[in-house]
2 protein chains.
Amino acid sequence: MSTAESARAPRRIAERPDDAASRELVLAAAGQLFYARGFTAVGMDELRTQSGIPLKRLYRLFPSKEAIVEEVLFAWQRMWTAGVTAQVESTLVPRERLLAVYDFLAGWFTSEGFRGCAFINSFGEVGGASGNITDIVRQHKKHFQTYLAQLADEAGAPASLAPQLAILAEGAITTAAIAASAEPARHARAAAEILIDVALQGSAGGNCHPSHA
Amino acid sequence: MSTAESARAPRRIAERPDDAASRELVLAAAGQLFYARGFTAVGMDELRTQSGIPLKRLYRLFPSKEAIVEEVLFAWQRMWTAGVTAQVESTLVPRERLLAVYDFLAGWFTSEGFRGCAFINSFGEVGGASGNITDIVRQHKKHFQTYLAQLADEAGAPASLAPQLAILAEGAITTAAIAASAEPARHARAAAEILIDVALQGSAGGNCHPSHA
DNA sequence: TTGCCTAGATAACGATCGTTCTCTATTCTA
DNA sequence: TAGAATAGAGAACGATCGTTATCTAGGCAA
């Protein structure tokens with residue numbers, strides 16, 4: 001990969017070719033186990049068994065368990081963002097793009113093994129014990145709020161709408177997780193419709209009760 | 001040790017007079033420690049130190065650590081209910097009684113050591129590992145929703161309002177905890193005002209935009 | 001006062017955690 | 001083919017957990 005040593009690649013220790021694949025195996029197994037049972041409840045031995053990666057190699061790929069936790073959080077962040085944006089991109093109508101967030105939630109809530117927001121669960125588990133994890137969780141939520149603010153702005157809504165929609169989404173997730181029900185997604189969507197319509201008519205001067213009722 | 005020994009109650013072991021006070025000491029210390037750092041992060045030794053109750057006595061008052069956890073959850077439930085109802089009872093106007101929930105949240109968010117909803121944190125920590133704890137958390141949330149439904153009904157709102165208000169409260173709590181900010185209480189309250197007014201005007205036939213704007 | 005029973009302080013126990021070390025077999029270069 | 005270095009499997013290590021047992025001192029009935 002650099003000069004002449006890649007002609008035959010004699011013995012490069014630092015990066016073996018399948019290290020990346022092994023890391024993915026570990027992160028995939030860790031993601032499932034951590035989401036299902038939490039960080040502390042899953043030991044390194046179980047992570048070794050589930051991923052098929054020997055313990056020694058595991059500690060060569062990651063410096064510690066906490067490092068795995070952090071990378072799993074980043075992977076979750078990517079998955080969440082991809083899922084939400086995919087749903088949002090399915091339409092070009094600004095109002096529906098905002099509501100698409102709750103459609104994504106509805107699908108998520110009914111998916112196998114749904115157990116609430118992994119970031120909220122992580123925050124609750126580590127509390128303030130790990131500053132790194134808390135920071136990642138905080139950053140994830142801020143990122144989501146920024147995304148919502150952008151969607152709301154594109155819809156022509158005032159800046160006060162986005163935090164309200166974010167709170168609705170957040171509340172729907174935890175309520176659905178604890179109640180083990182998908183209904184909160186519909187409730188949150190219905191509430192979001194009202195908030196969006198009021199916000200839009202307030203700033204655009206539409207008629208009363210634009211769509212529903 | 002069976003028949004005539006209870007004639008004068010010579011040595012009653014089961015219940016000493018100060019057992020109740022000791023239990024309160026333990027539950028108070030456990031409540032603070034558990035809320036601040038989670039269940040698993042707080043050991044029995046720390047609980048002994050903080051409460052001043054010797055370990056042996058601690059295990060005579062409670063059969064296990066999990067039993068303490070459960071009783072702490074019940075104590076939290078009582079504290080939460082007392083705080084919310086006190087704020088609600090401060091007014092008799094149905095609409096303001098609904099909004100009082102978010103006023104309570106605003107005060108809570110700015111209180112020292114606020115770290116989110118203890119029930120949500122507990123749910124995230126134990127996941128589904130402890131069915132007892134999960135059940136208590138579920139029951140607490142259901143109790144809150146029922147209370148909100150009663151307040152909404154007294155305000156003359158349709159049944160669809162209460163779940164929306166509950167989701168707003170839930171989302172405000174977690175958002176405030178993660179962002180370490182009290183603003184979500186104001187955002188949730190503003191959203192609740194809109195939802196309430198729309199719900200009331202929809203069912204009572206008032207004019208457009210009743211109070212604000 | 002004497003003897004018994006219990007309280008409290010603390011050590012010990014078994015289990016489990018994250019992490020490291022040992023030992024053997026294999027692989028790959030020269 | 002000879003040799004060196006690494007990979008893998010698993011034991012071992014130190015720490016900590018929840019829980020229990022031990023030991024000593026003190027309170028109370030007779």
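Protein chains get the first letters and strands the later ones, always in sequence-line order, with residue 1 at the start of each.
Rounded to a whole Å, the CZ atom of B/F39 is 20 Å from the C1' atom of D/dT16. Atoms CG (A/D18) and P (D/dG8) sit 9 Å apart, rounded to a whole Å. Computed from coordinates, the A/D19 CG to D/dT6 C1' distance equals 13 Å when rounded to whole Å. When the P atom of C/dT6 is taken as reference, atom CG of B/L55 falls 20 Å away, rounded to whole Å. Remark: C1' of D/dG8 and CG of A/L61 are 13 Å apart, rounded to the nearest angstrom. If you take CZ of B/R57 and C1' of D/dT19, they are 18 Å apart, rounded to a whole angstrom.
The side chain of A/Y59 approaches C/dT20 more closely than any other nucleotide in the set D/dG18, D/dG8, C/dT20. Distance from the side chain of B/K65 is smallest for D/dG18 among the nucleotides D/dG18, C/dG8, D/dA9.
Ring orientation note: the planes of B/F39 and B/W76 are close to parallel, at an angle under 30° on the 30°/60° scale.
A donor N or O paired with an acceptor N or O is found under 3.5 Å between the base of D/dG8 and the side-chain atoms of A/K56.
With sequence neighbours left out, the side-chain hydrogen bond (donor to acceptor under 3.5 Å, both in side chains) criterion links B/E66 to B/S130. Residues meeting the ring-ring contact (aromatic ring centres under 6.0 Å, His included) test with B/F109, sequence neighbours left out: B/F114. In this structure, the side chain to side chain contact (heavy atoms under 4.5 Å, CB included) partners of A/A149, at least two apart in sequence or on a different chain, are A/A162. With sequence neighbours excluded, the residues satisfying side-chain hydrogen bond (donor to acceptor under 3.5 Å, both in side chains) with B/E183 are B/R186.
Residues from residues 42-49 of chain B that place a heavy atom under 4.0 Å from any atom of DNA chain D, listed by number: B/V42, B/G43, B/M44.
Dashed line: the shortest gap from a side-chain N or O of A/R60 to OP1 or OP2 of D/dA7 is under 4.0 Å.
A salt bridge between A/R37 and A/E125 is absent, with no side-chain N of the basic residue lying under 4.0 Å from a carboxylate O of the acidic one.
Heavy atoms of A/S64 sit under 4.0 angstrom from primed sugar atoms or phosphate atoms, though from no base atom.
Sorted by first and then second residue, the salt bridge (Lys or Arg N to Asp or Glu O under 4.0 Å) pairs involving residues 155-172 of chain B (not counting sequence neighbours) are B/K141-B/E170.
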